[in-house]
Amino acid sequence: MSETADSPVFAPRQGDPTVGDSEAGAQRRRRRNIRRDRVGSVIYPIGMMVTLLVVWEAAARLFSIPAYLLPAPSAIVMSMDSNSAVLIKESIGTTLEILLGFALSVGVGVPLALAIYLWRPFARAVYPLLVSSQAVPKVAVAPLFLVWFGFGLMPKVLIAFLIAFFPVVINTAMGLAALEREKIYLARSMGLGPFATFFKIQLPNALPSIFAGLKISITFAVVGAVVGEFVGGQGGLGYLLLIANGNMDTALLFAGIVALTVLGVVLFLLIGLAERLVLPPHAVEHASFGGETM
Amino acid sequence: MTQIADDHAYLCIEKLSKVYSTRDGEVRALNNVSFTQQRGEFISHVGPSGCGKSTLLMIAAGLIPPSSGEVRVGGRKVDRPRTDIGIVFQSPVLLDWRTALGNIMLQAESRKMNRREASARARELLATVGLSGFEDRFPHELSGGMRQRVSICRALIHNPDHLLMDEPFGALDALTRDQLVLDLQALVSERRMTALFITHSIAEAVFLSDRVIVMTPRPGSIDRIIDIKLPRPRTLAMRETPEFADYSREILELFLARGVLREHRSGAEKESGNERNSGFTRLRTTAR
């Protein structure tokens, strides 16, 4: 039972020379290891990316690949620079669509999951519909939305929502259902009412799962917004991609893709940040690992 | 065999039966169980897996309703979850997002106890089970035995009238079990707690109890009630005494007679696999 036996004491620090000390030493080392891990998790991917870019640049120059096929990274950067105003302007439009679609996903998805969890007949009625809604290729539905809602913001938000709400519903429902019976028994034995049980135990218990759903959802929302712009856009990064494609401006096409990628990553990281603020540290470490490998 | 209900008893279990309906038809988990418990008495239930011991405890806690019969506490019929209890499950059932102290304080918060007093008491309890300095650790930073000790502290912080434990040490290694059994004895005898303790382990039951209730295989009913007249506090060395061995033997004989345990005659003095563990003997069959 000696949990501290495997942690030899370093130079004795101030304070009591008891359990706490060797524990502190172990903790310091653990932190250092974690820091080394973190550094590695930044250095390695950056190194990989830089290598790839260098190879790409070299290949583009060496074999003089035509720019309309594969522009060199330097050309893409130059295109980004000269089109920065357009890129930023269109990014804002797309971001708005993504965020609205995502907000709608959460606003509809979480209550829907609650209803599914709490009300069995509803779950039975809705579940098959929900699953088959995911089997429908959303891109195929996009033109329909265009007919119904015109060319404005609405159809893009709805398509983003349609793609992004499913993971929210599933993960939230799963998280709520994952409550062990013993925790409910425990709550009852302590005299906690259903409301208090929900907010003190069940909801926090479901949060890691919910956040995992949100992370998937936000990346899906990006896809949804772009699909919407492809089909009926008058603006936005998706529309810019179409225009660039039409003009054989492949460098601009790549610039648009880069902008979308950056947008997606930033939004994803924001959800991760929110998660870090809400959940205790260890839960986040697991969740974000799962999220990043996704 | 069973006792007649007497009005002075604290807990009175009367003709309790529980029938579960499953896809394969009805399963009788408990059959006509009656016994009483006095205040300050430590009662253990031993029996094979699936004999309804856990069901019995959950019914006694008012957490699941019996199919027939009733539970009375202090003369009052139990028909809803009891809140005068402290409960410990086989798994620690700690909240991952709360520290050791925070998990114990959940009990205090739920009961709107004075925060400062409760916190002081929680620290005191943690110290009793050897966990001072671990107040701010999260469950994932604690070993299995430490977690279970936190959950025992949580069950005691409000000084419950009745401590209910459902195989609390079932998932722990033999050495940790020994330590926790000693910890539990210290906590319980110091407060003269009334406790119901469910276990697979004959030695645990004999060591801790004033009375051991031996259950039959499913459908669980009471096989025999054995008074344990060993002096307290009990020590680990006491497990080696002839008196202790006699009690263990008595329960073992019952299990052998009921086919819960089978000795293989062919092999020279081989015991039936499970029943051998240097410390507290445990019949390790998958629970539930």
Side-chain angles (χ1 to χ4, degrees), chain A residues 1-7 15-24 26-27 30-31 34 175 178-211 275-287, chain B residues 54 57-58 61-64 80-99 102-103 106-112 130-134 137-146 149 151 154-155 157-158 160 162 164 166 172-173 175-180 183:
Chain A
M1 279 312 300
S2 70
E3 284 78 9
T4 56
D6 56 344
S7 48
D16 49 310
T18 49
V19 182
D21 207 43
S22 66
E23 274 297 315
Q27 214 160 29
R30 224 173 293 139
R31 285 215 189 98
I34 288 172
L179 187 68
E180 305 97 304
R181 204 180 32 177
E182 279 85 357
K183 282 188 181 150
I184 300 172
Y185 284 169
L186 178 72
R188 290 200 186 137
S189 81
M190 297 191 301
L192 277 183
F195 262 103
T197 304
F198 182 79
F199 286 107
K200 274 198 155 145
I201 298 178
Q202 190 161 26
L203 190 61
N205 199 61
L207 274 180
S209 175
I210 294 176
F211 268 108
E275 185 182 31
R276 242 163 236 277
L277 294 177
V278 173
L279 298 185
H282 77 279
V284 175
E285 238 138 67
H286 291 297
Chain B
S54 296
L57 194 80
M58 292 306 142
L63 289 167
I64 54 180
R80 70 190 64 176
R82 286 168 64 193
T83 55
D84 59 337
I85 58 171
I87 193 162
V88 181
F89 301 93
Q90 178 167 11
S91 60
V93 196
L94 298 179
L95 305 183
D96 299 335
W97 58 93
R98 280 173 177 252
T99 59
N103 265 291
L106 179 71
Q107 181 83 265
E109 289 164 27
S110 306
R111 294 169 187 279
K112 314 221 164 13
L131 282 184
S132 36
F134 291 89
R137 297 299 178 86
F138 286 96
H140 76 105
E141 298 172 303
L142 303 173
S143 69
M146 295 164 108
R149 278 181 264 173
S151 103
R154 179 182 59 198
I157 185 168
H158 53 301
H162 205 184
L164 304 179
D166 183 11
L172 305 175
D173 64 90
L175 214 57
T176 308
R177 288 165 77 102
D178 284 4
Q179 185 57 55
L180 281 180
D183 290 348

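Here is how names work: the chains are called A, B, and so on, in the same order as the sequence lines, proteins then strands, and each is numbered from 1.
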K.L.:
Tell me, do A:Asn205 and B:Trp97 make a side-chain contact under 4.5 Å, heavy atoms counted?
P.N.:
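SC-SC contact between A:Asn205 and B:Trp97 confirmed.
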K.L.:
A:Met190 and side-chain contact (heavy atoms from CB on, under 4.5 Å): which single residue from B:Leu106, B:Ile87, B:Ile85 fits?
P.N.:
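Considering B:Leu106, B:Ile87, B:Ile85, a side-chain contact (heavy atoms from CB on, under 4.5 Å) with A:Met190 is found only for B:Leu106.
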K.L.:
Mind checking the CG-OH spacing from B:Leu57 to A:Tyr185? Nearest 0.5 Å is all I need.
P.N.:
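Nearest 0.5 Å value for the CG-OH distance: 11.0 Å.
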K.L.:
Relative to chain A, which segment of B:Arg154 carries a heavy atom at a distance below 4.5 Å: side chain, backbone, both, or neither?
P.N.:
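Interface part for B:Arg154: side chain.
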K.L.:
Answer whether the closest heavy-atom distance between the side chains of A:Lys183 and B:Leu95 falls below 4.5 Å.
P.N.:
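Yes; the side chains approach each other to less than 4.5 Å.
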K.L.:
Identify the two heavy atoms, one from A:Glu182 and one from B:Phe89, that lie closest to each other, and give their separation to 0.1 Å.
P.N.:
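In this case the closest contact between A:Glu182 and B:Phe89 is CG-CD2, 3.4 Å.
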K.L.:
Can you tell me which portion of B:Leu142 sits under 4.5 Å from chain A's heavy atoms? Options are side chain, backbone, both or neither.
P.N.:
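For B:Leu142, no heavy atom lies under 4.5 Å from chain A.
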K.L.:
Non-hydrogen atoms of chain B under 4.5 Å away: do they reach the side chain of A:Ile201, the backbone, both or neither?
P.N.:
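Both parts, backbone and side chain.
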K.L.:
For A:Ser189 and B:Arg111, work out which heavy atoms get closest and say how close.
P.N.:
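Taking A:Ser189 first and B:Arg111 second, the nearest heavy atoms are O-NH2, 2.8 Å.
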K.L.:
At their closest point, which heavy atom of B:Thr83 faces which heavy atom of A:Arg188, and how far apart are they?
P.N.:
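That closest heavy-atom pairing would be CG2-O, 3.7 Å.
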K.L.:
Is the shortest side-chain heavy-atom distance between B:Met58 and A:Arg181 below 4.5 Å?
P.N.:
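No, side chains not in contact.
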